[in-house]
Amino acid sequence: MSHNSDYRPSTITNPFSLGNGNDQVVVFEGSVPLPRVNNSPSDPQSKMISFVFSYDEDILNSVVLGPKGRQYFVVATDARKHLITATTIIQSTQGTHARVDWHHSNPTVEWIGLLNKQRTGSFLRLTQDRKRRLMTFGETQLAWWPSHTSVLLSTEFSEVIARVITSPTNSTILEITEESLAQGMLEIVVLAVVLFMSGRPID
């Protein structure tokens with residue numbers, strides 16, 4: 001994974017928390033909603049599998065490692081004159097990739113063969129009450145929302161199918177159910193995590 005020498009990481013190093021030490025307040029900074037959600041969904045019904053975004057500076061230049069340390073994705077970001085222009089997410093085994101174009105007022109995202117080019121704010125739609133971001137997988141509507149020190153992804157039936165946790169050791173942890181993996185949901189979930197952990201506005 002290469003790092004552009006002109007790249008400067010976002011000043012938002014952890015968009016999930018405010019405060020110091022263990023007294024963390026979950027928030028969404030910039031690209032994700034601010035308020036908490038009071039309703040708690042049910043616990044996941046199938047086993048969770050962990051994937052780790054490992055990086056030196058932030059998630060926009062990272063590798064995604066799965067079970068047994070296998071590399072699943074590479075996330076690389078280009079910058080010109082200290083301005084981020086584009087982020088590419090490459091699927092390590094199949095070679096498919098997503099591209100996020102940041103260099104205009106309405107960032108766009110596309111995953112070749114999986115997701116048509118669209119605005120990032122359409123891919124992760126902010127609800128009217130600003131408490132959740134919605135995304136669609138096939139005909140299923142899913143919702144991202146903050147809960148304690150993590151961000152959860154739940155179905156319309158309020159079943160948790162994924163969670164995202166930040167680590168103090170320069171990593172972000174994605175846990176996703178085996179059932180969701182079997183349905184082919186990993187790519188779109190990884191893309192969503194990169195977007196809302198980028199610290200950049202997406203609307």
Measuring only between side-chain heavy atoms, which start at C-beta, is [X] closer than 4.5 Å to [Y]?
X: Val194; Y: Val100; value: no
X: Gln183; Y: Thr177; value: no
X: Phe123; Y: Ile202; value: no
X: Leu142; Y: Thr155; value: yes
X: Met185; Y: Ile161; value: yes
X: Leu174; Y: Phe53; value: yes
X: Thr93; Y: Arg70; value: yes
X: Met197; Y: Asp58; value: no

For a quick test of reading the model, state the closest non-hydrogen atom pair linking [X] to [Y] and the distance between them.
X: Met135; Y: Ala192; answer: SD-CB, 3.9 Å
X: Ile59; Y: Ser62; answer: O-OG, 2.8 Å
X: Asn170; Y: Asp56; answer: ND2-O, 3.4 Å
X: Leu124; Y: Arg133; answer: O-NH1, 2.7 Å

Is there a donor-acceptor contact under 3.5 Å from the side chain of [X] to the main chain of [Y]?
X: Thr127; Y: Arg132; result: yes
X: Ser150; Y: Arg163; result: no
X: Asn61; Y: Thr77; result: yes
X: Gln118; Y: Asn116; result: yes

Next on the checklist: Listing request: all salt bridge (charged side-chain N to carboxylate O under 4.0 Å, His left out) pairs with a residue in residues 97-106, at least two apart in sequence or in separate chains.
Outcome noted: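 Residue pairs passing salt bridge (charged side-chain N to carboxylate O under 4.0 Å, His left out), neighbours aside: Arg99-Asp101.
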Checklist entry - Just how far is it from atom CZ of Arg80 to atom OG1 of Thr85, taken to the nearest 0.5 Å? => result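 Arg80 atom CZ to Thr85 atom OG1 measures 5.0 Å (nearest 0.5 Å).
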Item to check | Set of side-chain hydrogen bond (donor to acceptor under 3.5 Å, both in side chains) partners for Asn106, sequence neighbours left out | outcome: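 For Asn106 there are no side-chain hydrogen bond (donor to acceptor under 3.5 Å, both in side chains) partners, ignoring immediate neighbours.
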Next on the checklist: Test of understanding: with side-chain hydrogen bond (donor to acceptor under 3.5 Å, both in side chains), list the residues that count as partners of Ser105, not counting sequence neighbours.
Outcome noted: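 For Ser105 there are no side-chain hydrogen bond (donor to acceptor under 3.5 Å, both in side chains) partners, ignoring immediate neighbours.
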Next on the checklist: Taking Val193 as the starting point, is it possible to reach Leu134 by hopping between hydrophobic residues whose side chains are less than 4.5 Å apart?
Outcome noted: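 No, it is not one cluster - the side chains of Leu134 and Val193 are not joined through contacts under 4.5 Å.
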Checklist entry - Under a single-linkage definition using a 4.5 Å side-chain heavy-atom cutoff for Ile, Leu, Val, Met, Phe, Trp and Tyr, are Ile90 and Leu60 assigned to the same hydrophobic cluster? => result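 They do not share one cluster, since no chain of ILVMFWY contacts under 4.5 Å joins Ile90 to Leu60.
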Item to check | Qualifying residue, where the test is side chain to side chain donor-acceptor pair (under 3.5 Å) with Trp102 and the options are Thr87, Thr120, Thr108 | outcome: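 With Trp102 as partner, Thr87, Thr120, Thr108 yield a single side chain to side chain donor-acceptor pair (under 3.5 Å), made by Thr87.
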Checklist entry - Using a distance-only test with no angle check, is there a side-chain donor-acceptor pair under 3.5 angstrom linking Ser54 and Ser171? => result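 No - no donor-acceptor pair under 3.5 Å links their side chains.
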Checklist entry - Tyr72: what forms a ring pair (Phe, Tyr, Trp, His ring centres under 6.0 Å) with it, not counting sequence neighbours? => result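 Here the qualifying residues are Phe51.
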Item to check | side-chain contact (heavy atoms from CB on, under 4.5 Å) partners for Leu114, two or more places apart | outcome: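 For Leu114, the residues satisfying side-chain contact (heavy atoms from CB on, under 4.5 Å) (neighbours in sequence not counted) are Trp111, Glu187.
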Checklist entry - Taking only residues two or more places apart in sequence or in another chain, which ones pass side-chain contact (heavy atoms from CB on, under 4.5 Å) with Gln128? => result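 For Gln128, no residue satisfies side-chain contact (heavy atoms from CB on, under 4.5 Å) once neighbours in sequence are set aside.
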